[in-house]
Structure formats: C-alpha cells, structure tokens
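Sequence lines set the chain letters: A, B, ... in the order given, protein chains first and strands last, and positions in each chain run from 1. Only heavy atoms go into these numbers, but all of them, side chains included; no hydrogens, no water, no symmetry mates.
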Protein chains: 2
Amino acid sequence: MKRETTPDTCPAAPALRAIAGRWKTHIIYLLGEEGPVRFNAIQRRLAPVSPKVLTSRLRELAKDDLVWREQEETIPPKVTYGLTDLGREVHEVLKSFDAVGRKFDSVAPEEKS
Amino acid sequence: MKRETTPDTCPAAPALRAIAGRWKTHIIYLLGEEGPVRFNAIQRRLAPVSPKVLTSRLRELAKDDLVWREQEETIPPKVTYGLTDLGREVHEVLKSFDAVGRKFDSVAPEEKS
DNA sequence: CGGGATCCGCACGGATACTG
DNA sequence: CAGTATCCGTGCGGATCCCG
C-alpha cells in the first residue's frame, strides 16, 4: 500500500485533505448554513456539479464522519444529508477562512498576453 | 478558457484552493514556524518532495502572495523563502485547524476484510 | 545550490446515459 | 428522486536527468 509518508510539518494536513477538492467545502457550507438538505437540492445549489461527483464527495465526507446520510426507502426515495458534530466544527473553522479568503479574490489576476 | 463557475456557497473556497495540494500547507507551516528558510532546507524538511514539485508549489504560493522569494545571485546561488503578511494570516488560520485536525487521525480506519 | 526539462501515472472531476 | 455506469480530459504529483 502506498504509504504517503507526508512530513509531520503540518498537523492540519489530514483535515485539509479531507475537505480538499472542488466541492467538499461548498457542501459543508451549504449543510452548515441551511441545515439538512436533500440530494437534489444540493445538486441544484452547487450546480453545475454532476450527480456522480456529488454522490462521490458526499460518500467521502460521510466516511470521514463529517456528514450523515438519512435514507427513506419510499417511492420516490428521499435522502437527506446533514453535518455531524465534527462537520460542524469544520464548518466553523472554515468560516474563519472567510476574512482572509476574500483577499484572494483580488490576487492572481489572469496574466493575459 | 475553462471558467470554473464555482458556486458562491463557500466564500473560503478561493483561499482553500490556494493552499490545496500535498505540500503547500506544509510549506506554509514550515516557513511560519521557523521563519525564512532556504530552498534546500525546505526540501530536506519536506522530504521526499522533488525539487521540481517544490519549486512549482513555491512559485504558486508566491504568485498568490503567500510567500516571498529572495534570490542572491552569488555562486553558489542562495534563495530564501518566507511568509508574507497574508501568508502569516493563513498560517494562523491553519493552526486553528489543528485541534479538529487531530480527530481525523482516528477516523477513516482501513476497511479490512 | 537551485532550479528547468521531460516523461509518466493516477486520482479528481466532468458529460452523458441509464435505473430502482 | 437519487443515484450508477461508462468514458474521457486534465492537472497534480513524482522520477530522472541536465543546466547556470
């Protein structure tokens, strides 16, 4: 098995890897700000994410115990996702990124030739 | 050009993308904890990162104004990297991830059959 | 010493179509 | 409604060698 052998320089690395990627932070934010949300609602809010990718990310977040999944086997089915306690913690920390985050919008402006 | 059209659900997304990847957070941590460091020192501390990758990440961080680069055109050359003010801010926020970060070490335990 | 050049593998992400 | 299945493009990260 490909051990990552990542240096211990940054203790936050595992947590950051767990929320890395194009959609995960948006998912956490959405669930954190608006409480439990159903699959289709998430997909619409995070458009243009594809169902495959969204499912994949939600499963990963669930595996890392950041979100929970509640399924009603009705017809039509109804699946709801929400933040766990750990997920809520992450959401809080994420919010502390907002202030510094805004400063990035003005940086790295396309170098056009 | 492939516009990202990412939803505005998570304001922290740009900042997080700027520090995403396997090495960037480690770089920020290293520079933040130990002040300006020379290239070779960084590479040794973050082993087994390759020089190409390290250079690439450092350049990206510099472009995003998280680190600065100081080059002395001596022989042998001497290049030193350090955190900018913005980089230091990010380092601080990163540290707030440590507490919650530790909880991830115990999660996602190998599914062994 | 601090890179650049080149080649490569893989995981993430995307598009489209189909299903219980 | 909430996914799966399939195919594919791209970019990150890695390995190795070479250069000013």
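In this structure, T80(B) contributes its side chain and R38(B) its backbone to no donor-acceptor pair below 3.5 Å. For the pair W68(A) (side chain) and Y81(A) (backbone), a donor-acceptor distance under 3.5 Å is absent.
Salt bridge annotation for E34(A)-R45(A): present, with a cationic side-chain nitrogen under 4.0 angstrom from a carboxylate oxygen.
OP1 or OP2 of dC12(C) has not a single side-chain nitrogen or oxygen of W23(A) nearer than 4.0 Å.
In this structure, CG of L46(B) is placed 11 Å from P of dG14(D), rounded to the nearest angstrom. Distance E73(B) CD to dG20(D) C1': 9 Å, rounded to the nearest Å. For the pair E60(B) CD and dG11(D) C1', the interatomic distance rounds to 10 Å; values are reported in whole Å. Straight-line distance from the CZ atom of R57(B) to the P atom of dG3(C): 14 Å, rounded to whole Å. Taking atom CG of residue L54(B) and atom P of nucleotide dT16(D), one finds them 17 Å apart after rounding to whole Å. What separates CZ of R22(A) from C1' of dA15(C) is a distance of 13 Å, to the nearest Å.
Proximity of R69(A) to L58(A): side-chain heavy atoms (C-beta onward) are nowhere separated by under 4.5 Å. Looking at W23(A) and T9(B), their side chains never come closer than 4.5 Å, going by heavy atoms from C-beta outward.
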Reading nucleotides 1-7 of chain D from 5' to 3' and marking B where a protein heavy atom lies under 4.0 Å of the base, S where only the sugar-phosphate is that close, and - otherwise, the string is BSBBBBB
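Under the 3.5 Å distance criterion, with hydrogens and angles disregarded, a donor-acceptor pair is assigned to the side chains of D98(A) and Y29(A).
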